[in-house]
Amino acid sequence: MTTRKILLVEDEPGLILTLQDRLRSEGYDVEAVQDGARGYERALTGGFDLIVLDLMLPHKGGLDICRDLRQRGVATPVLMLTARGQVVDKVVGLKIGADDYVTKPFEMLELLARIEALLRRRVEALAEETSFQLGKLRVDFRSTAVWRDGEPVALSAREFQLLRYLVEHRGETLSREKLLKSVWGYETTPNTRTVDVHIAWLRQKLEEDPHHPQLILTIQGLGYKFAG
Ligand code: CA
């Protein structure tokens, strides 16, 4: 199992330190961001497994971040941190797509338990996702079969793994390094060109017009994103 990445968006320096220390000691990879707008950008592009999101933040509040992420198709679990008495906000937070919330001040053990539960649920949900359809593309994860326009498409094992990873993280911008590490499993990055080559092959096989891809999009300077 790879190290799970948590994005912590919180503007209280003391709380950041405490949470960062504790989450790291539990084996999580933690990135902390203090600014809401920056947190939103990282959530879009960082390939995180979970986001711990404060409600009141400079430049972009937690509710806006969560709503905008869901609108962009990012399904990363969100655990909201709310202050005592923000009952209305809690309800709204869950309605706009947050997965759970914890009220400040909270017990560290409770927070850790909630995080574990959300990560576990995510793994189960992904395992249950047996097929995927978008436009003319259909993917069956269980039989590792792919069809375009009803016609079977032959993919190599690596191409299928890459497609599966892209689909599972659809809506997220994924860097070449992230793809290499997650799909190929390299700890270092010997050659991110490998990713480009496989993306090109997938496009040849899956896209209506490989020169104007509609499924696997290039995000200039950042990497790739699966539409949807
Ligand atoms: Ca705050």
Side-chain angles (χ1 to χ4, degrees), residues 2-126 168-175 177-178 219 221-223 225:
T2 52
T3 306
R4 289 165 304 175
K5 277 178 72 179
I6 295 180
L7 175 65
L8 170 63
V9 192
E10 167 63 66
D11 59 335
E12 285 173 44
L15 191 52
I16 293 174
L17 278 180
T18 314
L19 282 174
Q20 232 173 5
D21 277 2
R22 187 57 196 266
L23 290 170
R24 281 182 181 150
S25 75
E26 296 289 327
Y28 297 111
D29 185 348
V30 185
E31 179 177 329
V33 178
Q34 282 181 262
D35 176 86
R38 173 89 187 124
Y40 175 63
E41 289 304 316
R42 291 302 296 138
L44 274 181
T45 58
F48 294 94
D49 296 295
L50 182 111
I51 302 165
V52 177
L53 186 59
D54 189 27
L55 194 66
M56 303 291 282
L57 290 162
H59 296 120
K60 190 173 176 82
L63 293 180
D64 289 340
I65 293 175
C66 192
R67 187 200 55 221
D68 291 354
L69 283 176
R70 296 308 185 230
Q71 276 176 2
R72 295 279 295 266
V74 176
T76 315
V78 170
L79 177 64
M80 282 273 197
L81 303 179
T82 70
R84 199 194 293 277
Q86 289 172 322
V87 180
V88 176
D89 291 331
K90 280 177 195 170
V91 176
V92 173
L94 293 173
K95 270 189 190 157
I96 56 126
D99 298 275
D100 201 358
Y101 67 88
V102 170
T103 305
K104 292 178 184 176
F106 47 80
E107 293 292 330
M108 191 60 81
L109 284 178
E110 190 194 345
L111 183 81
L112 291 173
R114 300 286 185 96
I115 286 174
E116 263 307 311
L118 283 178
L119 287 171
R120 204 164 46 236
R121 236 191 281 161
R122 179 169 197 247
V123 169
E124 285 165 5
L126 289 176
E168 282 175 354
H169 293 84
R170 56 189 174 269
E172 284 176 47
T173 301
L174 301 161
S175 70
E177 289 75 17
K178 172 79 182 169
I219 309 300
L222 293 173
K225 178 168 92 170

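Computation of the quantities below employed the complete heavy-atom set of this structure, encompassing side-chain atoms and omitting hydrogens, waters and symmetry-equivalent molecules. Model, not experiment: these values are computed from the prediction. Atoms within each ligand, like the ligands themselves, are counted from 1 in listed order.
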Open item on the list: Which residue is it: L57, L81, D35, V78? I am looking for the one with a side-chain contact (heavy atoms from CB on, under 4.5 Å) to V9.
Closed with: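 Of the listed options, the one satisfying the test is L57.
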TODO: Working to the nearest 0.5 Å, report the span between CG of L8 and CG of L15.
DONE: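 So the CG of L8 and the CG of L15 are separated by 7.0 Å.
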Task: the Ca ion (ligand 1): protein N, O or S atoms [distance under 3.0 Å] - done: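 D11 OD1, D54 OD2, M56 O, with waters left out.
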TODO: Check for a donor-acceptor pair, side chain of R24 on one end and backbone N or O of Y28 on the other, with a separation under 3.5 Å.
DONE: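 Judged by distance alone, no pair lies under 3.5 Å.
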Open item on the list: Taking the basic N atoms (NZ, or NE/NH1/NH2) and the acidic carboxylate oxygens, is any pair closer than 4.0 Å for E10 and K104?
Closed with: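 Looking at K104 together with E10, the answer is yes, because their closest N to O distance falls below 4.0 Å.
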TODO: Carefully, step by step, assess L112 and R22 under the rule side chain to side chain contact (heavy atoms under 4.5 Å, CB included).
DONE: CA-CA 9 Å; L112 291 173; R22 187 57 196 266; 3.6 Å; yes
Open item on the list: Going by the rule side-chain contact (heavy atoms from CB on, under 4.5 Å), which residues pair with T173 if we only count those two or more places apart in sequence or in a different chain?
Closed with: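 Counting only residues at least two positions away or on another chain, T173 forms a side-chain contact (heavy atoms from CB on, under 4.5 Å) with T45, I219, L222, K225.
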